[in-house]
Participant: 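I am attaching a structure below and will ask some questions about it afterwards.
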Amino acid sequence: MLLPPAGVERLLPSDQIKPSDQLKIASWNVNSIKVRAEQVIAWLKSSETDILFMQETKSVDENFPAALFEAAGYHIHCHGQKTYNGVAVATRVELDDVRTGLPMLADSMDDEQARYIEVDCSGMTMAGLYMPNGNPVLDEAGEHHPKFTYKLDWMKRLNHHAIALQKGKKPVLFCGDFNIIPNAADCWDEDVWKGDALYHPETLAAFRTMCWSGYTDVFRAIHPGVIAYSFWDYQGGAWQKDNGIRIDHIMTNPEATDRVRAVGIDKTPRGQERASDHTPVWCVLAQS
DNA sequence: ATGACTGATGGTATCAGA
């Protein structure tokens with residue numbers, strides 16, 4: 001085992017050292033880019049992230065603080081709307097194409113919400129998404145509430161698109177705030193989440209459809225049995241009690257999974273002053 | 001305990017988030 005040189009106190013852990021032929025990709029629900037820009041940029045620098053997908057920017061594109069990112073060496077592509085939702089990508093590597101909006105199906109519900117951005121880079125396709133929350137599940141008549149129907153419809157569109165992208169035989173990666181708790185081990189108390197849209201059987205079934213079509217939850221694949229969360233509610237001292245849930249994910253098709261060299265969730269930003277309620281999830285991919 | 005956060009909004013309360 002190599003030891004750090006004398007006098008060097010802060011080396012990255014060995015699994016975070018990134019050779020030049022690798023890309024570090026991350027996803028972070030920032031909960032307002034206006035409030036979080038400085039913290040996000042500081043994290044981009046300290047984490048050596050090449051491409052960051054952001055969600056809940058809550059900003060129209062003309063108000064996105066892109067100049068702050070440019071000054072730090074990151075170019076911004078954003079797809080926002082007023083008040084709610086909003087996705088963006090910050091990159092310090094060249095992108096070949098950027099597309100926004102998740103494709104519709106013939107029977108899809110109308111969708112004006114800014115929740116999807118997709119890029120081509122280094123022969124790969126990578127997407128950042130903000131899945132609808134889906135609550136409440138039921139309306140007053142006991143039927144599916146329109147918000148839950150919208151979530152299921154959105155997942156159906158995502159699954160169709162995920163399968164369509166597989167036909168390219170290229171590496172494909174989806175990351176973002178999925179608003180899905182994949183398993184009981186991904187929350188502090190399963191009983192609290194039973195019946196919630198994030199852990200509803202129909203939500204989990206749609207998530208498994210994505211898994212069965214070839215996409216891997218790379219955090220869980222590389223860290224089996226590890227308890228790690230990506231969201232802690234602002235209320236009730238959830239952070240202090242570690243009452244968290246793992247709902248931010250990186251999903252890779254087989255070609256991309258083969259290139260995964262490391263995966264992690266960085267809890268540090270969640271513990272900082274005026275933090276987002278989510279913390280970043282990241283992975284390192286070999287470029288060939 | 002009708003509580004308990006945080007952010008955005010032509011707002012001084014209401015929504016949405018999860």
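Chain naming here is simple, since letters A, B, ... match the order of the sequence lines and numbering starts at 1 in each. Quick note: numbers below take in every heavy atom, side chains included, and nothing from hydrogens, waters or symmetry partners.
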Participant: Using OP1 and OP2 only, check whether a side-chain N or O of A:Tyr130 sits under 4.0 Å from B:dA18.
Facilitator: yes
Participant: Between B:dA16, B:dT9, B:dA18, which one does the side chain of A:Thr83 approach most closely?
Facilitator: B:dT9
Participant: Under 4.0 Å between any heavy atoms, over every strand shown, what does A:Asp248 touch: base, sugar-phosphate, or nothing? Just pick one.
Facilitator: nothing
Participant: Let me spell it out: for each of A:Gly134 and A:Arg36, pick the nucleotide of DNA chain B with the closest heavy atom. Which residue's pick is nearer the 5' end?
Facilitator: A:Arg36
Participant: Just how far, in rounded Å, is P of B:dG3 from CD of A:Gln235?
Facilitator: 10 Å
Participant: In whole angstrom, what separates A:Arg270's CZ from B:dA18's C1'?
Facilitator: 12 Å
Participant: On the nucleotide B:dG7, are OP1 or OP2 found under 4.0 Å from the side-chain N or O atoms that A:Arg274 carries?
Facilitator: yes
Participant: Salt bridge or not between A:Asp50 and A:Lys24? Use side-chain N to carboxylate O under 4.0 Å.
Facilitator: no
Participant: Whole-Å distance between B:dA18 C1' and A:Lys194 NZ?
Facilitator: 19 Å
Participant: Can you check the A:Tyr150 OH to B:dA18 P distance for me, whole Å?
Facilitator: 13 Å
Participant: Should the ring pair A:Tyr116 and A:Phe174 be called parallel, tilted or perpendicular, given that the plane angle runs from 0 to 90° and is split at 30 and 60?
Facilitator: tilted
Participant: C1' atom, B:dA18 versus B:dT6: distance in rounded Å?
Facilitator: 13 Å
Participant: Just the rounded figure in Å: distance from C1' of B:dA8 to CD of A:Glu56.
Facilitator: 11 Å
Participant: So that I can tick it off, tell me whether A:Arg246 and A:Asp217 are bridged by a salt bridge, with the cut-off set at under 4.0 angstrom between side-chain N and carboxylate O.
Facilitator: yes
Participant: Can you tell which of B:dA18, B:dG7, B:dG10 lies closest to the side chain of A:Lys82?
Facilitator: B:dG10
Participant: Say we look at B:dA16 and B:dG11: how far apart would their C1' atoms be, to the nearest angstrom?
Facilitator: 15 Å
Participant: Specify the glycosidic conformation (syn or anti) of B:dG11, with syn defined as within 90° of 0.
Facilitator: anti
Participant: How far, in whole Å, is B:dA4 from B:dG17 if one measures between their C1' atoms?
Facilitator: 16 Å
Participant: Please round to the nearest 0.5 Å and tell me the distance separating atom CG of A:Asn253 and atom NZ of A:Lys170.
Facilitator: 10.5 Å
Participant: Does A:His278 put a side-chain nitrogen or oxygen below 4.0 Å from OP1 or OP2 of B:dG17?
Facilitator: no
Participant: Let me know the distance between CH2 of A:Trp232 and C1' of B:dA18, rounded to the nearest Å.
Facilitator: 14 Å
Participant: Starting from P on B:dA8, measure out to NZ on A:Lys34 and report it in whole angstrom.
Facilitator: 6 Å
Participant: Salt-bridge test for A:Asp153 and A:Lys156: reply yes if a basic N is under 4.0 Å from a carboxylate O, no otherwise.
Facilitator: no
Participant: Base, sugar-phosphate alone, or nothing: which one does A:Tyr199 contact when heavy atoms must sit under 4.0 Å apart?
Facilitator: nothing
Participant: Looking at A:Asn179, does any N or O in its side chain come under 4.0 Å of the phosphate oxygens OP1/OP2 on B:dA18?
Facilitator: yes
Participant: Using the P atom in both, what is the distance from B:dG10 to B:dA1, to the nearest Å?
Facilitator: 38 Å
Participant: Hey, does the side-chain of A:Asn133 have a donor or acceptor N/O within less than 3.5 Å of a partner on the base of B:dA18?
Facilitator: yes
Participant: Supply the atom-to-atom distance A:His77 NE2 to A:Glu118 CD, rounded to the nearest 0.5 angstrom.
Facilitator: 13.5 Å
Participant: Does a side-chain N or O from A:Lys147 land closer than 4.0 Å to OP1 or OP2 of B:dG17, or not?
Facilitator: yes
Participant: Taking the same atom, C1', in B:dA8 and in B:dT12, what whole-Å distance lies between them?
Facilitator: 15 Å
Participant: Measure from CG on A:Asn29 to P on B:dG17 and round the result to the nearest Å.
Facilitator: 11 Å
